[in-house]
Amino acid sequence: MIKNKGKENMQDPKRKLYTGPLVDVSFDSDLCIHSGNCVRSMPEIFNVKARPWVNPSVADTAQKADFLRNVVSTCPRHALRIEEHPA
């Protein structure tokens with residue numbers, strides 16, 4: 001069950017925050033140009049037919065979290081951003 005529905009990020013109110021067990025993902029729809037890199041690379045996390053459409057809870061291992069970081073880094077306008085958990 002997905003509990004996170006894209007909470008507003010207090011540091012940047014335009015960004016929605018999606019919480020995962022190892023890393024969070026934030027999204028700013030104003031920056032998105034719909035390149036589709038995220039959806040093609042990790043459809044199990046980025047699914048435009050689901051609500052919420054970002055589900056970082058699937059990145060529940062260090063390897064998957066690293067892959068998620070790499071996928072998010074390909075976002076051309078930085079609409080997606082990794083939000084690291086405090087150490």
Side-chain angles (χ1 to χ4, degrees):
M1 176 182 227
I2 301 169
K3 293 180 183 175
N4 185 357
K5 295 189 172 156
K7 298 177 186 174
E8 190 175 284
N9 185 334
M10 292 301 157
Q11 293 175 346
D12 186 349
K14 289 185 178 182
R15 286 192 166 273
K16 296 289 184 185
L17 183 66
Y18 301 90
T19 305
L22 301 177
V23 295
D24 301 339
V25 175
S26 67
F27 175 68
D28 184 337
S29 62
D30 289 345
L31 296 177
C32 184
I33 60 170
H34 306 285
S35 69
N37 293 348
C38 57
V39 175
R40 282 189 303 277
S41 298
M42 285 192 96
E44 66 276 21
I45 290 181
F46 302 101
N47 180 351
V48 295
K49 294 180 182 176
R51 293 294 175 258
W53 78 279
V54 180
N55 180 11
S57 67
V58 175
D60 56 359
T61 66
Q63 184 178 6
K64 288 179 184 177
D66 284 343
F67 191 67
L68 176 57
R69 288 180 185 97
N70 288 332
V71 168
V72 167
S73 74
T74 69
C75 184
R77 297 270 321 270
H78 307 286
L80 292 168
R81 188 164 64 198
I82 290 292
E83 307 289 344
E84 296 289 347
H85 290 186

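This one's a predicted model, so the numbers in the text were calculated from it and none came from an experiment.
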J.: In this structure, would V72 and V58 fall into the same cluster of hydrophobic residues linked by side-chain contacts under 4.5 Å?
T.: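 Yes, it is one cluster - the side chains of V72 and V58 are joined through contacts under 4.5 Å.
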J.: Kindly compute the distance separating OG (S26) from NE2 (H78), expressed to the nearest 0.5 Å.
T.: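 That separation rounds to 12.0 Å.
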J.: Quick check on Q63: does its CD atom have over 12 non-hydrogen neighbours (other residues, nucleotides or ligands) under 6.0 Å away?
T.: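 Atom CD in Q63 is not crowded, with 12 or fewer foreign heavy atoms closer than 6.0 Å.
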J.: Nearest 0.5 Å, please: how far is OG1 in T61 from CG in L22?
T.: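 So the CG of L22 and the OG1 of T61 are separated by 7.0 Å.
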J.: Could you report the tightest heavy-atom contact between P56 and V23, atom names first, then the distance?
T.: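 The pair with the smallest heavy-atom distance is CB-O, 3.9 Å.
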J.: Would you mind telling me which of Y18, F46, W53 makes a ring pair (Phe, Tyr, Trp, His ring centres under 6.0 Å) with F27?
T.: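 One option only clears the test, and that one is W53.
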J.: Please answer whether the main-chain N or O of S35 pairs with a side-chain N or O of R40 as donor and acceptor at a distance below 3.5 Å.
T.: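 A pair under 3.5 Å: yes.
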J.: Is any side-chain heavy atom of I82 closer than 4.5 Å to one of D24?
T.: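 The answer is no, as the side chains (C-beta and beyond) never meet within the 4.5 Å cut-off.
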J.: I need the K64 NZ to M42 CE distance, nearest 0.5 Å.
T.: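 Spacing of NZ (K64) from CE (M42) equals 7.5 Å.
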J.: A side-chain contact here means heavy atoms from C-beta on lying under 4.5 Å apart; do L80 and V25 qualify?
T.: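 In short, these two side chains touch, coming nearer than 4.5 Å.
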J.: Is there side-chain contact between R15 and L31, with at least one heavy-atom pair below 4.5 Å?
T.: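 Sidechains of L31 and R15: in contact.
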J.: What pair of heavy atoms forms the shortest contact from P21 to A59, and how long is it?
T.: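 Of all heavy-atom pairs spanning P21 and A59, the closest is CG-O, 3.8 Å.
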